[in-house]
Amino acid sequence: MEKIVAANLKMNFTYDEVKEYVEKLDGSKNFIVCPPNIYLHMFVNKNYSCGSQDAYYEDKGAFTGEVSSLQLKSLGVNYTILGHSERRQLFGDTNCTVNKKVISALKNNLNVILCIGETKEERDNNETKDVLKEQIENCLKNVSNVEKIIIAYEPIWSIGTGVIPTNDEIKETIDYIKDIFNSLYNNHDVKVLYGGSVNEKNIDSINSIENVSGVLVGGASLDIDKINKIKGVVLK
Ligand code: PGA
């Protein structure tokens, strides 16, 4: 299985900072960089892939502030993150809007990194599996071709906190996600990334979990040395 490292730069870097970052960034296959939309053009057509952090579901029109999958594709972007917990918690994305975005992204031939994950409260109430199943079923409603879908399992309580599940917990949850895909999509073996406080120190351990297909990295991806170390471990 070819593993993946995706870097979610979130809303970071000024123009001067991002220019320096691009210059220092080493390319490699199966490395996906997801910068803020205004910098996307600096990351396309390189020896790594470029993704957006979101993509609106209409192709064009009076949708002030939004950027569509059609527009992203026309720039040379080939991935988009959808359903990130920050979009869900801060900007009102629901499973229903994420579903529309997934359908539009696939129609426009983008690969989708679909983020799913439970809150701390849901975890404490033993609702993790129900939440993940609901997210998968509803975000992928009426989607029949899942070849271009990668799942990023990101427990929300782990994002940016430095707290991560045990390896056994990650393995069990990813097995569960894969089981859902197997039953919904005729034994399709979906790639599942782990995301949440991945860094250069814990990457060896996370990468050793047998069913992890790679990682989605936030904070640590802003530091060239750290993301290079992570890539070195996962993409070797
Ligand atoms: P983090 O973010 O690595 O900073 O926890 C991960 C993410 O939000 O994708």
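Both ligands and their constituent atoms are indexed starting at 1 by order of listing.
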- Query: In terms of residue, atom name and distance, what is the protein heavy atom nearest to atom 2 (O) of ligand 1?
  - Reply: Lys10 NZ, 3.3 Å

- Ligand-residue contact atoms, ligand 1 with His84, heavy atoms, under 4.0 Å: 7 (C), 8 (O), 9 (O)

- Do the rings of Tyr56 and Phe63 sit parallel, tilted or perpendicular, given the 30° and 60° boundaries? tilted

- Item | Other residues, nucleotides, ligands: >12 heavy atoms within 6.0 Å of Glu172 CD | no

- Numbered atoms of ligand 1 (with element) below 4.0 Å of Gly196, judged on heavy atoms: 5 (O)

- Message: As an exercise, identify every atom of ligand 1 less than 4.0 angstrom from a heavy atom of Leu216.
- Response: 9 (O)

- Item | N or O pair under 3.5 Å between Thr161 and ligand 1 | no

- Message: On a heavy-atom basis, which atom in Ala105 and which in Val112 lie closest, and how many Å separate them?
- Response: CB-CG2, 3.7 Å

- Sequence neighbours excluded, the answer for salt bridge (Lys or Arg N to Asp or Glu O under 4.0 Å) partners of Glu86 is Lys10

- Given Gly218, Gly160, Gly117, Ala220, which one has a non-hydrogen atom that is nearest to atom 5 (O) of ligand 1? Gly160

- Near Asn8, which atoms of ligand 1 are under 4.0 Å from a heavy atom of that residue? 9 (O)

- Message: Under the salt bridge (charged side-chain N to carboxylate O under 4.0 Å, His left out) definition, can you give me all pairs with a residue in residues 54-70, not counting sequence neighbours?
- Response: Asp54-Arg87, Asp54-Lys101, Asp59-Lys107

- Message: Please find the pair of heavy atoms, one from Gly51 and one from Val77, that lie closest to each other, and give the distance.
- Response: CA-CG1, 3.9 Å

- Query: Non-hydrogen atoms of Ser197 versus ligand 1: any pair closer than 4.0 Å?
  - Reply: yes

- ligand 1 to Gly219, heavy atom cutoff 4.0 Å, flagged ligand atoms 1 (P), 3 (O), 4 (O)

- Please name the pair of heavy atoms, one in Lys178 and one in Val190, separated by the smallest distance, quoted to 0.1 Å. NZ-O, 2.8 Å

- If you scan protein heavy atoms around atom 9 (O) of ligand 1, the nearest is Glu154 OE2, 2.7 Å

